[in-house]
Amino acid sequence: MRIAIIGLGEVGRCYAAPLHAAGHHLVLYEKHPSAAAAKLAAQCGQIIRSDPDADLGSVEWALSCVTGATALVVAEAFAPELKSGTSIADFTTATPEVKRKAAEAARRHGVRYVDAAIMGAIALSKVRTPLLVAGEGAGDLKELLDPLGGRVKLIASGAAGDAISLKILRSMFTKGIEALAVELLTSAEKQHLRMQLYEQLTDIDEAPLRSFLDMLVRTHVVHAKRRLHEVQDAEKEMASHGTPSVVLGGVATRFERTARGLDRRPLQKEEPSVEDALAWLLTSDTPEINLKT
């Protein structure tokens with residue numbers, strides 16, 4: 001199979017090498033080739049091209065491995081040169097909106113577009129780094145990469161932008177937990193209570209993550225007012241131990257916003273489901289309120 005690799009940075013080289021080793025013919029594109037890119041091209045017996053050219057018309061796949069800032073420009077430049085029915089897989093970190101625009105640009109030329117979100121560190125796992133993929137042709141990308149050792153997960157009925165959106169949402173969770181963990185454990189360590197804290201979190205550790213998250217949202221819209229005071233008390237306690245919190249200020253703002261929403265529009269159910277809670281939050285949450293007044 002003839003495959004174009006657009007961008008020969010770490011990601012592009014990561015996929016180019018095993019594709020070449022598997023017997024695929026590569027067409028390589030990079031405006032500013034590094035020494036590593038030049039070495040890869042030599043190993044593949046290929047030249048590096050800087051711009052779209054006639055050889056694009058013979059490829060079956062184009063893997064866009066450029067930066068997120070140039071993802072749309074590349075899609076708009078390369079799609080017209082690809083034959084109808086060809087597929088582009090966009091491995092960039094472009095925003096969901098940009099990926100949807102790139103998909104539309106590809107569609108105008110009869111080219112399929114796959115949103116591929118890299119869900120780990122390419123430098124560590126190379127081609128085995130998990131990929132989350134969505135869009136027309138996502139299943140075919142899995143068939144292309146899995147035999148190389150790839151770990152491609154499809155989003156059922158997913159559209160372009162869905163994979164990168166889920167990556168961002170996952171990052172919100174993990175980075176938020178990371179920031180909280182830093183403050184939690186440093187404060188516990190300073191009080192010589194870290195090991196005892198682990199014991200107090202055992203019940204949370206044993207709960208399924210989905211059930212725990214749903215429980216938090218269900219009970220948040222019932223108990224936000226009371227919990228706001230608990231957050232404020234915790235913020236004062238951390239400060240008293242010389243470990244002032246950065247995270248809890250934002251947490252308090254979140255609880256205060258919900259509390260004010262409940263004053264304006266009380267919840268109609270004493271024991272809401274997670275769907276009830278989310279519906280209320282989506283229609284009652286008003287971030288434009290001046291919380292300082």
Side-chain angles (χ1 to χ4, degrees), residues 1-83 86-94 98-99 102 105-106 111-133 135 137-138 140-153 163-164 167:
M1 185 181 297
R2 292 177 65 87
I3 300 170
I5 307 291
I6 308 166
L8 295 175
E10 188 172 41
V11 173
R13 298 195 308 275
C14 163
Y15 289 102
L19 285 167
H20 172 69
H24 297 290
H25 180 90
L26 303 185
V27 185
L28 306 176
Y29 295 88
E30 172 60 66
K31 280 191 174 294
H32 306 288
S34 64
K39 180 179 179 180
L40 171 75
Q43 291 171 344
C44 296
Q46 299 296 320
I47 62 171
I48 298 177
R49 306 131 194 274
S50 60
D51 296 298
D53 59 14
D55 276 357
L56 275 174
S58 64
V59 305
E60 297 174 57
W61 272 99
L63 309 188
S64 177
C65 305
V66 296
T67 65
T70 58
L72 182 57
V73 172
V74 165
E76 291 175 336
F78 281 76
E81 305 302 324
L82 296 167
K83 65 184 178 183
T86 302
S87 300
I88 293 178
D90 185 340
F91 289 79
T92 74
T93 57
V98 166
K99 289 206 171 188
V111 174
R112 303 189 304 171
Y113 178 96
V114 181
D115 171 13
I118 299 171
M119 307 298 286
I122 282 283
L124 293 176
S125 302
K126 305 298 182 182
V127 74
R128 289 190 55 77
T129 307
L131 285 178
L132 191 61
V133 298
D140 291 337
L141 181 64
K142 179 177 176 64
E143 291 182 6
L144 175 66
L145 297 181
D146 277 1
L148 310 178
R151 298 164 60 193
V152 181
K153 184 174 182 179
I164 196 66
K167 176 175 180 174

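Model, not experiment: these values are computed from the prediction.
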Verdict with reasoning, Val27 to Leu56, per side-chain contact (heavy atoms from CB on, under 4.5 Å): CA-CA 8 Å; Val27 185; Leu56 275 174; 5.7 Å; no
Heavy-atom neighbours of Lys153 NZ exceed 12 at 6.0 Å: no
Atom pair OG1 (Thr129) and CG (Leu131), whose distance is rounded to the nearest 0.5 Å: 7.5 Å
Side chains of Tyr15 and Ile122 in contact at under 4.5 Å (non-hydrogen atoms): yes
Main-chain N/O of Ala71 paired to Lys99 side chain as donor or acceptor, under 3.5 Å: no
Closest heavy-atom pair and its distance - Ala37, Ile48: O-CD1, 3.7 Å
Evaluation steps, side-chain contact (heavy atoms from CB on, under 4.5 Å), between Leu141 and Ser87: CA-CA 9 Å; Leu141 181 64; Ser87 300; over 6 Å; no
Separation of Leu144 CG from His24 NE2 (nearest 0.5 Å): 5.5 Å
Least distance between heavy atoms, Val111 atom then Leu82 atom: CG2-CB, 3.9 Å
Interatomic distance, Leu40 atom CG to Ile5 atom CD1 [nearest 0.5 angstrom]: 8.5 Å
Check: Leu19 and Leu63 side chains under 4.5 Å, non-hydrogen atoms: yes
Atom pair CD/CZ of Glu60 and Arg2 - distance to nearest 0.5 Å: 9.5 Å
Cys65 versus Gly7, closest heavy-atom pair with distance: CB-O, 3.7 Å
Parallel, tilted or perpendicular: rings of Phe78 and Tyr29 (30°, 60°): perpendicular
Within-4.5 Å side-chain heavy-atom neighbours: Leu132 and Lys167: no
Lys31 side, atom NZ; Arg49 side, atom CZ - distance, nearest 0.5 Å: 14.0 Å
Heavy-atom pair of closest approach, residues Ile88 and Trp61: C-CZ3, 4.2 Å
Residue that, paired with Ile6, satisfies side chain to side chain contact (heavy atoms under 4.5 Å, CB included) out of Leu28, Thr92, Val74: Val74
Value rounded to 0.5 Å, distance of NE2 in His32 from OG in Ser50: 9.0 Å
Shortest non-hydrogen contact from Ala123 toward Glu10: CB-OE2, 3.2 Å
Side-chain touch Asp115/Asp90, heavy atoms, less than 4.5 angstrom: no
Over all atoms of both residues, closest heavy-atom pair of Ala77 and Pro52: O-CG, 3.8 Å
